[in-house]
Amino acid sequence: MNSNPSSPLDSKSTVSYFLLAGIVFVAVLAWFSISYLQSDKAKKADAIRQLEEQKQAEEKNLEEQRFAEQEARRNASVQGRKSNWTRFDKKNEELLTLLANADVLNKKRIASENVLLDTPKGRFLATDDAERNVFIGIREKLAEATAELEQWQISATSYDATISQMMSLAAPESDVSSEDFAKATGLVERVNKLTTELTAANKYLEGLIAKSDSTSSGTGSLLREQIADIEAARLARNVIERQKEVQQVLDQEEAKLRELLKSQELTRKEKERELLQIQFDLEMKQKEKDIEAARIAAKKELDDLENANLIAAQDQAMKSDIKKIESVLQPFTSKAKAAFTSRGNTTLQDDEKPVSLSALEGFGALEQTESGYTKLLQAALACTANNQRPLGGFSTDIHDFSKAADAQRLLRTHGQAMVRAGLLEK
């Protein structure tokens, strides 16, 4: 059988076919590789994006939790401050209530004391030393009660203003001071103690007043005068006893110095004696200073006693002329808002008060001359202008100095006592 050999054209076609197939295969393989790589990159990018979104969500959640915790702490702090201010308000209200009650009791005590001191009801105590000493002890113990209550009232009122301001806020800016709360608590205890003392004192004083109603009042001096006399006598005894004590110490020191000097002169050499003499001189100078200090102290006590007696005498003298004072000096003793000045005019003041004694003196109205009498008349006219004060028994006749002289005599004689009694301003 004869075979037909392949032509060169057929061989070339076969090679081209295989070459084309190889190129297609490589292209397909490249396409698959590129697609796989692109798909893997997209997956990675998507995974990274999801991680970022998850991280942001977690951070947002943590931030919201922190904010919620901060808000909860802030609300708890605000509620705590509100609770503390409410507790402080209750304590201060308790203090204000106690102060009001104590003030009523204190005023009642003072009124009862004055009844016994300044009316015949207290005269029976002159013959009852025990009762009088108890009365004096209570009076001395509670002498500072009025000042203490006024000071405590100032503190409580200040606390009340601060509390009202803080409780009006939705969120108080600051908390209650532990020192203020402790002070208010302490004041409550002190006011309670004072209230107990005032209650007991009022009960005792009421008993004394009731006792006086069933006892002869007598005709002696009033209790206030009796107590003043007793105090003056006590001061005098103290001064004498103090003088004796000082003299005794001085005598003892002088005896010791003489013995010391005698011993030194007998046993020491000349130079030692000189040194001791110097020491002795120094000691003597110090003793002289001590003696002088003791003398000054004793003189001061005597002067204080004399001043106390003088004031008591002046006050008693004023009381003897009180009816005439109340009649003649009404232009000066009556209270008004017109304040007389040393320039001879009047100015408006907030409270009604009597005329100032120093203003009358500064104006020259108390000089015992015709000019002084004239200025006193001018002062009276100024003080009573527009019916601000009554003329009373005072005469404004500029041709009759006898009336002005009589009024001036009362002012010169009893001026300081009238100031102490509140009839004139200082």
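When a residue number appears, it is its place in the shown sequence, counting from 1. Keep in mind it's a predicted model, so treat the numbers as computed, not measured.
- Considering every non-hydrogen atom in both A184 and L95, the closest pair reads O-CD2, 4.5 Å.
- For R87 and S83, the side-chain atoms include no donor-acceptor pair closer than 3.5 Å.
- In this structure, L205 and F135 have side chains that are in contact, with non-hydrogen atoms separated by less than 4.5 Å.
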message = Assess the residue pair R109 and E197 against the criterion (salt bridge (Lys or Arg N to Asp or Glu O under 4.0 Å)); give the C-alpha distance rounded to whole Å, side-chain angles, the decisive distance to 0.1 Å, and a yes or no.
response = CA-CA 11 Å; R109 171 190 66 84; E197 294 173 349; over 6 Å; no

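- A side-chain contact (heavy atoms from CB on, under 4.5 Å) with N92 holds for exactly one of V188, D180, D160, T157; it is D160.
- Within a 6.0 Å radius of CG in D350, no more than 12 heavy atoms belonging to other residues, nucleotides or ligands are found.
- Scanning all heavy atoms of the two residues, the minimum distance from S177 to E179 falls at OG-OE1, 2.9 Å.
- D128 has a carboxylate O that lies under 4.0 Å from a charged side-chain N of K211, or vice versa, which qualifies the two as a salt bridge.
- L222 has its side chain within reach of R123: a pair of non-hydrogen atoms, C-beta onward, lies under 4.5 Å apart.
- Once rounded to the nearest 0.5 Å, the distance linking CG of N101 with CG of N106 reads 11.0 Å.
- Atom NZ in K108 sits 8.5 Å away from atom OG1 in T199 (nearest 0.5 Å).
- For the pairing with Q408, the side-chain contact (heavy atoms from CB on, under 4.5 Å) check across K375, K403, Q368 returns one residue only, Q368.
- Between L208 and Y204 there is a side-chain heavy-atom pair separated by less than 4.5 Å.
- S212 places a side-chain N or O within 3.5 Å of a backbone atom of I209 that can act as its donor or acceptor partner.
- Considering only heavy atoms from C-beta on, M318 stays 4.5 Å or farther from R420 through its side chain.
- A donor-acceptor pair shorter than 3.5 Å can be found between the side chains of S358 and S356.
- Ring geometry for F401 versus Y373: interplanar angle of 30 to 60°, hence tilted.
- The pair R242-E245 counts as a salt bridge, with a side-chain nitrogen and a carboxylate oxygen less than 4.0 angstrom apart.
- Contact annotation: the side chain of V176 never approaches that of I163 to less than 4.5 Å [non-hydrogen atoms, C-beta and beyond].
- Around CG of N61, the count of heavy atoms belonging to other residues, nucleotides or ligands within 6.0 Å exceeds 12.
- We find that E53 and R49 are joined by a salt bridge, their nearest charged nitrogen and carboxylate oxygen being less than 4.0 Å apart.
- The shortest side-chain heavy-atom distance between I227 and L117 falls under the 4.5 Å cut-off.
- From T196, atom OG1 reaches atom CG of L105 across 9.5 Å, with rounding to the nearest 0.5 Å.
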inquiry  = Determine whether L194 and L149 satisfy the following criterion, side chain to side chain contact (heavy atoms under 4.5 Å, CB included), listing intermediate values before the conclusion.
reply    = CA-CA 9 Å; L194 180 60; L149 287 172; 3.8 Å; yes

request  = Give the C-alpha distance, both sets of side-chain angles, the deciding distance and a yes or no for side chain to side chain contact (heavy atoms under 4.5 Å, CB included) between L423 and L329.
outcome  = CA-CA 10 Å; L423 296 173; L329 299 183; over 6 Å; no

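- Taking a cutoff of 4.0 Å between a charged side-chain nitrogen and a carboxylate oxygen, E63 and R66 qualify as a salt bridge.
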message = Walk me through whether Q279 and E283 qualify under side-chain hydrogen bond (donor to acceptor under 3.5 Å, both in side chains).
response = CA-CA 6 Å; Q279 181 181 356; E283 291 178 352; 3.3 Å; yes

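- Of all non-hydrogen atoms in L99 and A156, the two that sit nearest each other are CD1-CB, 3.8 Å.
- The shortest non-hydrogen separation linking R132 to L125 is NH1-O, 3.0 Å.
- The distance from the CD atom of E94 to the CG atom of L96 is 10.5 Å, given to the nearest 0.5 Å.
- K107 contributes atom NZ, which lies 13.5 Å from atom CG of N202 (distance to the nearest 0.5 angstrom).
- Between G415 and L424, the shortest heavy-atom distance links the atoms O-CD1, 4.3 Å.
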key: Verdict with reasoning, I311 to Q416, per side chain to side chain contact (heavy atoms under 4.5 Å, CB included)   = CA-CA 9 Å; I311 289 174; Q416 294 301 327; over 6 Å; no

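- Summarising the local packing, CD of E59 is surrounded by more than 12 heavy atoms from other residues, nucleotides or ligands at distances under 6.0 Å.
- For Q349, the CD atom sits in a packed shell: over 12 heavy atoms of surrounding residues, nucleotides or ligands are nearer than 6.0 Å.
- Distance check: K287 NZ to E253 CD gives 4.0 Å after rounding to the nearest 0.5 Å.
- Proximity of a side-chain donor or acceptor of K82 to a complementary backbone N or O of A170 within less than 3.5 Å is detected.
- Counting heavy atoms from C-beta on, the side chains of L169 and W85 never come closer than 4.5 Å.
- You'll find the side chain of K244 stays beyond 4.5 Å of the side chain of Q248, heavy atoms only.
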key: Intermediate values then yes/no, side chain to side chain contact (heavy atoms under 4.5 Å, CB included), D103 and Q153   = CA-CA 10 Å; D103 184 59; Q153 183 67 43; over 6 Å; no

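- The six-membered or imidazole ring of F394 lies near that of F332, with a centre-to-centre distance under 6.0 Å.
- Side chain of Q388 to backbone of A385: a donor-acceptor contact under 3.5 angstrom is found.
- K193 has no carboxylate O lying under 4.0 Å from a charged side-chain N of E189, or vice versa, which leaves the two without a salt bridge.
- Of all heavy-atom pairs spanning K324 and R409, the tightest one is NZ-NH2, 3.9 Å.
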